[in-house]
Number of protein chains: 2
Amino acid sequence: MRIGELSRRTGVPVPTIKYYVREGLLPPGELSSPNQARYDETHERRLRLIRALLDVGGLKVAAIAEVLQAVDEPGRPVHDVLGAAANRLGPPQPDDGDDDARSEARDTVQELIARRGWRVSTDNPAATDLAHALVALDRLGHAAFAELLDDYADAAEQVARADLDYVNRRVAVEDLVETVVIGTVLGEAVFNALRRLAHVDRSAQQFGD
Amino acid sequence: MRIGELSRRTGVPVPTIKYYVREGLLPPGELSSPNQARYDETHERRLRLIRALLDVGGLKVAAIAEVLQAVDEPGRPVHDVLGAAANRLGPPQPDDGDDDARSEARDTVQELIARRGWRVSTDNPAATDLAHALVALDRLGHAAFAELLDDYADAAEQVARADLDYVNRRVAVEDLVETVVIGTVLGEAVFNALRRLAHVDRSAQQFGD
DNA sequence: ACGTAATGGATAGCGGCACTATCCGCTATC
DNA sequence: GATAGCGGATAGTGCCGCTATCCATTACGT
């Protein structure tokens with residue numbers, strides 16, 4: 001198929017597709033003449049993935065480029081690729097000073113990881129994000145929120161178990177790494193929405209209408 | 001205190017504070033002379049809240065303005081305000097056509113809500129977000145991911161329970177609505193980080209190094 | 001065979017957003 | 001009385017995800 005049909009099928013404008021190719025999100029079509037290229041279902045699939053990561057997952061274009069590069073990397077150790085991909089899935093990493101609060105939060109995180117027996121290096125981006133959130137809570141006078149960490153971790157493990165089961169069920173059918181990426185990013189959106197729905201329900205229960 | 005000290009205490013540059021005032025995120029200081037204004041701890045607190053919602057929660061400035069407006073609204077029914085606030089906490093609402101997939105996803109969501117006995121109106125923004133995510137999954141050939149919805153919902157209820165317990169414990173100490181906002185937004189960041197950590201652990205377990 | 005439409009490729013521009021810089025006349029402080 | 005800081009206003013910046021335009025070339029309908 002040519003770029004026009006790819007565009008029609010996915011709803012992504014032609015200039016946008018060209019832009020994604022330029023940015024390295026989408027491999028270029030195969031040239032049959034100096035100015036004719038063919039695209040196939042892998043392009044279509046990839047394009048849908050890009051839109052999902054962008055629109056639903058809220059990832060930035062540059063982050064998507066890095067993730068997809070890891071996805072495409074051939075024959076690297078699986079766990080390795082998974083880590084490389086997962087580490088690009090979070091929000092961007094700001095940082096401001098405040099070393100005191102930060103190192104205390106890092107300790108809290110480290111203790112949690114140890115308590116849980118999680119085999120995770122402490123410089124994992126997710127651990128950093130968690131520490132950031134705890135610092136922010138602390139600054140807002142909600143250091144006590146940290147008491148919920150174990151409840152949260154229980155739920156997180158439960159979700160992670162479900163996710164991995166899903167991946168295992170799918171491993172023969174689809175690309176492993178791609179499935180993990182989709183599960184991680186879209187699963188996050190799914191869970192966040194469910195959490196907000198559950199909040200509404202419980203607060204309706206408590207504060208009546 | 002004057003704006004310079006407010007800036008020093010929070011690490012937010014003076015022009016940025018002025019910008020937040022212009023945008024209605026932060027109430028102006030109280031004028032003591034035509035060009036002297038005083039700020040107090042409530043301003044400092046509010047400013048920290050803004051930065052947390054912005055940096056950790058990833059909310060947009062305009063969304064924060066709406067949320068804070070609801071927070072400040074006096075004597076509106078509690079549940080009402082909570083809803084108004086919560087509904088601005090999600091990601092922005094895009095939409096493209098594809099009515100077929102969409103309405104099917106809406107049905108799935110509606111069934112889930114019924115199955116769970118959640119008292120939530122089906123036009124809740126979170127329900128829409130969930131439907132969006134399901135549509136995206138479907139388009140990527142991962143419609144089967146919907147099988148995890150009940151597992152996810154279990155975990156979401158668990159987290160929501162912990163959150164509401166926390167709010168109840170705090171209700172005497174801090175402002176209710178503000179606590180809910182903080183819990184919702186920062187709790188989301190906390191959970192997402194924990195989920196990613198749990199993922200890493202389980203995939204390390206499975207794919208070893 | 002010919003006219004129109006679409007293509008690949010390149011470059012420049014746009015709109016939104018979260019600031020940031022500059023300027024002004026005034027005020028607090030030492 | 002000098003200097004630093006202030007409130008208020010307006011304009012500009014940098015990034016980001018596109019979008020518009022242009023070009024020479026190729027595909028396609030008739």
Side-chain angles (χ1 to χ4, degrees), chain A residues 1-40 43 47-68 88 91-96, chain B residues 1-40 43 47-68 88 91-96:
Chain A
M1 100 187 78
R2 303 190 316 191
I3 202 171
E5 190 178 349
L6 184 58
S7 167
R8 239 168 291 117
R9 285 204 199 183
T10 57
V12 179
V14 171
T16 303
I17 296 175
K18 289 182 177 181
Y19 165 68
Y20 291 156
V21 173
R22 281 202 303 280
E23 296 299 312
L25 304 198
L26 190 65
E30 198 183 344
L31 287 175
S32 58
S33 333
N35 67 341
Q36 280 315 285
R38 298 275 143 189
Y39 300 85
D40 56 27
H43 291 96
L47 198 42
R48 288 192 209 284
L49 176 57
I50 292 168
R51 295 313 292 233
L53 297 182
L54 212 49
D55 296 340
V56 182
L59 297 203
K60 294 177 172 204
V61 167
I64 296 176
E66 295 181 46
V67 170
L68 293 182
R88 293 303 178 176
Q93 309 274 118
D95 62 42
D96 57 293
Chain B
M1 93 187 87
R2 301 189 313 188
I3 203 172
E5 190 177 349
L6 185 58
S7 167
R8 239 168 289 116
R9 285 204 201 183
T10 57
V12 179
V14 170
T16 302
I17 296 176
K18 289 183 177 181
Y19 165 68
Y20 291 156
V21 172
R22 281 202 303 280
E23 296 299 313
L25 304 197
L26 190 65
E30 198 183 345
L31 287 175
S32 58
S33 332
N35 67 342
Q36 282 310 291
R38 298 274 143 190
Y39 301 85
D40 57 26
H43 290 95
L47 198 43
R48 287 193 209 282
L49 176 56
I50 292 168
R51 295 314 294 231
L53 296 182
L54 211 50
D55 296 341
V56 182
L59 297 203
K60 294 178 172 202
V61 165
I64 295 176
E66 295 181 46
V67 170
L68 294 182
R88 293 303 178 175
Q93 308 274 115
D95 63 43
D96 57 290

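Numbers restart at 1 for each chain; the letters A, B, ... are given by sequence-line order, proteins then strands. Since this is a predicted model, take the numbers as computed values, not measurements. Excluded from the calculations below are hydrogen atoms, water molecules and symmetry mates; all remaining heavy atoms, backbone and side chain alike, are included.
For A:R22, the side-chain atoms get nearest to C:dA12 when compared with the rest of C:dA12, D:dA27, C:dA18. The side chain of B:Q36 sits closest to C:dT27 out of C:dT27, D:dT26, C:dA18. Closest to the side chain of A:N35, out of C:dG8, C:dA28, D:dG7, is C:dG8.
For A:T16 and D:dT19, the shortest distance from a side-chain N or O to OP1 or OP2 is below 4.0 Å. Residue B:Y19 places none of its side-chain N or O atoms closer than 4.0 Å to OP1 or OP2 of C:dC17. Distances shorter than 4.0 Å separate none of the side-chain N or O atoms of A:S33 from OP1 or OP2 on D:dT25.
Residue contacts shown for A:P34 are limited to sugar-phosphate atoms, with no base heavy atom under 4.0 Å away. Looking at heavy-atom distances under 4.0 Å, B:K18 makes contact with a base.
Of all nucleotides present, only D:dG1 satisfies the Watson-Crick or G-U wobble test against C:dC30, with each distance under 3.5 Å.
Between A:I50 atom CD1 and D:dC18 atom P there is a gap of 10 Å when expressed in whole angstrom units.
Taking CD1 of B:I64 as the start and CG of B:L54 as the end, the distance is 4.5 Å to the nearest 0.5 Å.
Within residues 1-15 of chain A, the residues that place at least one heavy atom under 4.0 Å from DNA chain D are, in residue-number order, A:R2, A:P13, A:P15.
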